[in-house]
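Step one of this worksheet: look at the structure below.
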Amino acid sequence: MSELPSERGAEVGRRIGVGLMYGLWRPRVLGAWKVPASGPVIFAVNHSHNIDGPMVMGVAPRPTHFLIKKEAFVGPLDPFLTGIGQLKVDRESTDRTAITRALGVLENGGVLGIFPEGTRGEGDFASLRAGLAYFAVRSGAPIVPVAVLGSSGRSGRLMKGLPPLRSRVDVVFGDPFEAGDGSGRRTRKALDEATERIQKQLAAHLDHARRFTGRRAAGE
């Protein structure tokens, strides 16, 4: 089996994230108590800004191993991201090494972070890739929807492309749910049905999070 990402490294990454995120912005974390305290969990995070992953890593109650596009692993970031337990994935092919490592995280009772939209966009969960359903159905791990709101509205004057320093970013954790239908089937049809169920759950959570926080859109 491929070498699994370091749990200790992910905890180091969480502590670094705590310092950076709370030092640069003002995260407001809601619903973190809903995250199961132990056992495998998948965070399904909307993605509208580059800070969404680090923000969730820093505010989540458990260390998280994110699947991150291989293009981010450049220069000194490569050993750093690997050292803090993050997973490199090739989005252009069936990356069996990344799949094996991600399943290994869940088999060991860890937390896997996924951007189910596949890439940065509107952050509204409108278009999901099948990877999230595959990991959820294959592992049986519950999915916790995570809405990051306020990360992509205005850009700061000092750091272009990032939210203004000390601005508020809301991170809303939802109720865990099972993606499968209980049959354990992993057929294409079963995964398609699971993806549809997941999309509805994530969209409903995002709508609730927007109303609860007073945000009109994912980035606002």
Side-chain angles (χ1 to χ4, degrees), residues 5-68 72 77 80-81 83-87 105-106 109-117 120 123-125 132 141-156 159 161-177 201-202 205-215 217-220:
S6 167
E7 181 77 11
R8 181 178 297 178
E11 174 59 26
V12 170
R14 191 181 75 85
R15 294 179 184 181
I16 293 172
V18 168
L20 283 176
M21 297 303 110
Y22 283 94
L24 295 174
W25 296 285
R26 293 187 299 117
R28 181 172 65 166
V29 185
L30 304 168
W33 57 270
K34 297 179 180 180
V35 178
S38 61
V41 174
I42 299 173
F43 287 159
V45 186
N46 69 317
H47 197 20
S48 58
H49 200 284
N50 281 331
I51 74 160
D52 296 339
M55 182 63 70
V56 173
M57 283 179 60
V59 305
R62 294 175 59 184
T64 308
H65 306 271
F66 267 99
L67 277 168
I68 301 173
L77 276 179
F80 172 73
L81 290 172
I84 61 170
Q86 305 309 296
L87 291 154
V105 165
L106 297 171
V111 179
L112 179 67
I114 295 179
F115 300 112
E117 295 158 289
R120 276 190 299 130
D124 58 3
F125 292 127
L132 174 56
I143 295 172
V144 171
V146 186
V148 182
L149 305 171
S151 63
S152 65
R154 297 173 296 125
S155 292
M159 294 185 292
L162 294 178
L165 293 177
R166 306 308 299 157
S167 62
R168 197 185 83 207
V169 177
D170 292 326
V171 183
V172 187
F173 293 88
D175 293 312
F177 67 92
Q201 291 271 15
L202 298 187
H205 171 66
L206 184 59
D207 182 61
H208 165 76
R210 287 171 175 168
R211 286 186 284 106
F212 191 71
T213 60
R215 308 271 189 178
E220 294 181 1

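Everything numeric here is computed off the predicted structure, so don't read it as measured data.
Of the inter-residue distances, the one linking R28 atom CZ with D170 atom CG reads 4.0 Å to the nearest 0.5 angstrom. How far CG of N50 is from CE of M55: 12.5 Å, rounded to the nearest 0.5 Å. Note that CG of D175 is 13.0 Å distant from CD1 of I143, once rounded to the nearest 0.5 Å. Distance NE2/H65 to CZ/F43: 11.0 Å, rounded to 0.5 Å. The structure places CG of L87 at 6.5 Å from CG of L112, a figure rounded to the nearest 0.5 Å. To the nearest 0.5 Å, atom CZ of residue R215 and atom CZ of residue R210 are 11.5 Å apart.
The minimum heavy-atom distance between P5 and V105, with the atom names listed, is CG-CG2, 3.4 Å. Taking both residues in full, the closest heavy atoms of P116 and V45 are given as CD-O, 3.4 Å, listed atom of the first, atom of the second, then distance. Closest approach of F173 to P61, counting heavy atoms only: CZ-CD, 4.3 Å. Across all their heavy atoms, V169 and G150 have their closest contact at CG2-O, 3.9 Å. Of all heavy-atom pairs spanning P163 and W25, the tightest one is O-NE1, 2.9 Å. For Y22 against P27, the heavy-atom pair with the smallest separation is CD2-CD, 3.7 Å.
Aromatic ring centres of F66 and F115 lie closer together than 6.0 Å.
Remark: side-chain polar atoms of H47 are paired, donor with acceptor, to backbone N or O of H49 under 3.5 angstrom. Using a distance-only test at 3.5 Å, with no hydrogens or angles considered, a donor-acceptor pair links the side chain of Q86 to the main chain of T64.
The side chain to side chain contact (heavy atoms under 4.5 Å, CB included) test applied to F80 returns I16, L77, I84, not counting sequence neighbours. Every residue meeting the side chain to side chain contact (heavy atoms under 4.5 Å, CB included) condition with F212, not counting sequence neighbours, appears here in chain and number order: L30, H208. In this structure R15 satisfies the salt bridge (charged side-chain N to carboxylate O under 4.0 Å, His left out) test together with E11, sequence neighbours excluded. Not a single salt bridge (charged side-chain N to carboxylate O under 4.0 Å, His left out) links R166 to another residue, sequence neighbours left out. Remark: P40 pairs with L106, A141 by the side chain to side chain contact (heavy atoms under 4.5 Å, CB included) rule, at least two apart or across chains.
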Dump the intermediate steps for side chain to side chain contact (heavy atoms under 4.5 Å, CB included) on D52 and N46, then the final yes or no. CA-CA 8 Å; D52 296 339; N46 69 317; 5.6 Å; no
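You'll find the side chain of V111 stays beyond 4.5 Å of the side chain of V35, heavy atoms only. Side-chain contact between V41 and P176: absent, with no pair of heavy atoms (C-beta onward) separated by less than 4.5 Å. In this structure the side chain of S6 never reaches within 4.5 angstrom of the side chain of V12, judged on heavy atoms. The closest side-chain heavy-atom distance from V148 to I51 is not below 4.5 Å.
Other residues, nucleotides and ligands contribute only 12 or fewer heavy atoms inside 6.0 Å of the CZ atom of R8.
Each salt bridge (Lys or Arg N to Asp or Glu O under 4.0 Å) pair with one or both residues in residues 55-68, not counting sequence neighbours, would appear here, but there are none.
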